[in-house]
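Chain letters run A, B, ... following the sequence lines, proteins first, then strands; residues in each count from 1.
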2 protein chains.
Amino acid sequence: MTDKKKQILAVALELFANDGFNGTSTSKIAKEAGVSEGLIFRHFEHKNGLLNALVQQAVERIRLLIEPILIETDPKKVIQKSIDLPFALPESEYPFWKLQFKLKWENDYEQDKMRPFIEKLTWAFSNLGYIQARKEAEVLNHIIESISIGILREGRKSQEGLKEFILRKYLK
Amino acid sequence: MTDKKKQILAVALELFANDGFNGTSTSKIAKEAGVSEGLIFRHFEHKNGLLNALVQQAVERIRLLIEPILIETDPKKVIQKSIDLPFALPESEYPFWKLQFKLKWENDYEQDKMRPFIEKLTWAFSNLGYIQARKEAEVLNHIIESISIGILREGRKSQEGLKEFILRKYLK
DNA sequence: GTCTATACTGCGATAGAC
DNA sequence: GTCTATCGCAGTATAGAC
C-alpha cells in the first residue's frame with residue numbers, strides 16, 4: 001500500500017464519517033488528500049471501492065480490539081476490560097468508529113461482528129455464577145454500545161462518570 | 001395538510017430512512033408519491049424543507065411518546081413503562097424512528113430531546129432509594145436506547161427476551 | 001474534459017370548491 | 001368567476017462520477 005493510497009483512505013474515512021458517503025465528493029477527497037482525482041479511481045476503481053476498503057479495515061480493527069478480551073482467562077477481568085473498551089479508544093480513531101456506527105444503518109452492512117465478544121461475556125458471567133449469563137451479557141453489551149455512541153458523538157468526558165459506576169455495579 | 005402533502009412526507013420519510021437524505025432525489029420522491037416534482041417545491045420550498053418538516057414531527061412524536069411517563073406518579077411504573085417504550089413502538093413507525101436515529105449522527109441535529117425523560121427516571125430511582133439515581137437513570141437510558149436500535153435494525157423479536165429480564169432486574 | 005443526475009424554476013392547463 | 005391544488009413538462013445551472 002503506497003503512501004498516497006493510504007492518504008486517500010485516511011481522508012475518505014474522515015470525510016465519510018463527517019459528511020456521509022453521498023455527502024462526500026471524490027473531488028473533495030482528492031483535494032484534501034493532495035492527489036489527483038484520477039488516482040482515486042486508479043486505486044479503487046469507483047467511489048464505492050473506497051467504502052469497501054474502509055469496511056474491510058473495520059473487520060481487522062474490531063478483531064484487534066477485542067482480541068485481548070477473548071484471550072483473557074479471568075472472568076472479572078473480561079468484564080472490566082469490556083467496560084473499559086469505549087473509554088480506551090484513541091481519539092484519533094474516533095472518525096473510524098463513527099463511520100462504522102453510521103454504516104450499521106445501511107441495509108447491506110454485515111452485522112454481528114461483535115458476536116464472539118458477546119459469547120465471551122456470556123462465558124464470564126456464567127463463570128461468576130450469574131443464572132441468566134447470556135441475557136446479562138446482552139445487556140452489558142447494550143450498555144457498552146450506547147456508551148460508545150455517546151463518546152463518539154459528545155466526547156469521552158460526557159460518559160466518563162459512568163465507567164466507575166458500572167464497574168462497581170458488576171464487579172462488587 | 002392535504003392528502004398529497006402527507007403522501008409526499010410519508011414517502012420522503014421512507015426513502016430518507018432507507019437511502020439517506022443525500023441518497024434520495026426529489027424526482028424519486030415525486031415518482032413514488034405519485035405527484036409531480038413541482039408540488040414538492042410548492043409545499044416545502046426546497047429539499048431541506050422536507051427534512052425540516054420531518055424533524056418537526058419528531059419533536060412532537062417524542063413528546064407524545066414520553067408524556068405518559070412524565071405524568072406517572074408511581075416510580076415503579078415509571079421504570080416499567082420506560083423499559084416497555086421500545087417494545088411498544090408500532091411497527092409502522094419504524095422508518096420514522098430509524099430516520100431519527102440516523103440523523104443523530106449529523107452534526108447539526110439537535111440532541112437531547114430525551115432530557116426530561118432522563119430527569120424523570122432519575123426521580124424514580126431516587127424515590128426507590130437508589131443512592132446514585134442519576135447514574136442509574138443514565139445507564140437505563142443507555143440500555144433503552146441500544147435496545148431501540150436493535151429493534152429498529154433487526155426487529156422486535158431480536159430483543160424481546162430482554163424485556164422481562166430487565167424488568168425483573170429493576171423491579172424485583 | 002465529458003456526460004449524467006439532480007435541485008430547482010416557470011408556465012400553461014385542468015378540475016373542483018366556494 | 002376567482003382561488004387553490006395539482007399536473008406536466010421544458011428548461012437552467014451546477015455538482016459530481018469517472
Check whether any side-chain N or O of B:Thr26 sits under 4.0 Å from OP1 or OP2 of C:dA7, and answer yes or no. yes
Between D:dC7, C:dC8, D:dC18, which one does the side chain of B:Val35 approach most closely? D:dC7
Relative to the ring of A:Trp105, is the ring of B:Phe101 parallel (under 30°), tilted (30 to 60°) or perpendicular (over 60°)? parallel
Mind calculating the distance between NE2 (A:His43) and P (D:dC18) to the nearest angstrom? 16 Å
Nearest to the side chain of A:His46, which nucleotide is it out of D:dC18, C:dA7, D:dA17? D:dC18
Could you state the CD1-P distance from A:Ile8 to D:dA17, rounded to the nearest angstrom? 14 Å
Please pick, from D:dT6, D:dC18, C:dA7, the nucleotide with the shortest atom-to-atom distance to any side-chain atom of B:Thr2. D:dT6
Are B:Lys120 and B:Glu72 within salt-bridge range, i.e. N to O under 4.0 Å? no
Rounded to whole Å, how long is the line connecting atom CG of B:Leu39 with atom P of D:dA5? 10 Å
Categorize B:Lys4 for me: base, sugar-phosphate, or nothing, with a 4.0 angstrom heavy-atom threshold over every strand shown. sugar-phosphate
Rounded off to whole Å, could you give me the NZ-to-C1' distance for the B:Lys5 and D:dT6 pair? 14 Å
Flag this pair as yes if the NZ/CZ of A:Lys135 is under 6.0 angstrom from the six-membered ring centre of A:Phe125 and inside a 45 degree cone about the axis; otherwise no. no
If I take atom CZ in residue B:Phe41 and atom C1' in nucleotide C:dC11, what distance separates them, rounded to the nearest angstrom? 16 Å
Base, sugar-phosphate alone, or nothing: which one does A:Gly23 contact when heavy atoms must sit under 4.0 Å apart? nothing
What integer distance in Å separates B:Asp19:CG from C:dA5:P? 16 Å
With a 4.5 Å heavy-atom cut-off, do A:Ile83 and A:Leu140 have their side chains touching? yes
Would you mind reading off the distance between A:Ile29 atom CD1 and D:dA15 atom P, rounded to a whole angstrom? 17 Å
What's the NZ-P distance between B:Lys47 and C:dA5, to the nearest Å? 15 Å
B:Glu37 and B:Thr26 side chains, donor-acceptor separation under 3.5 Å: yes
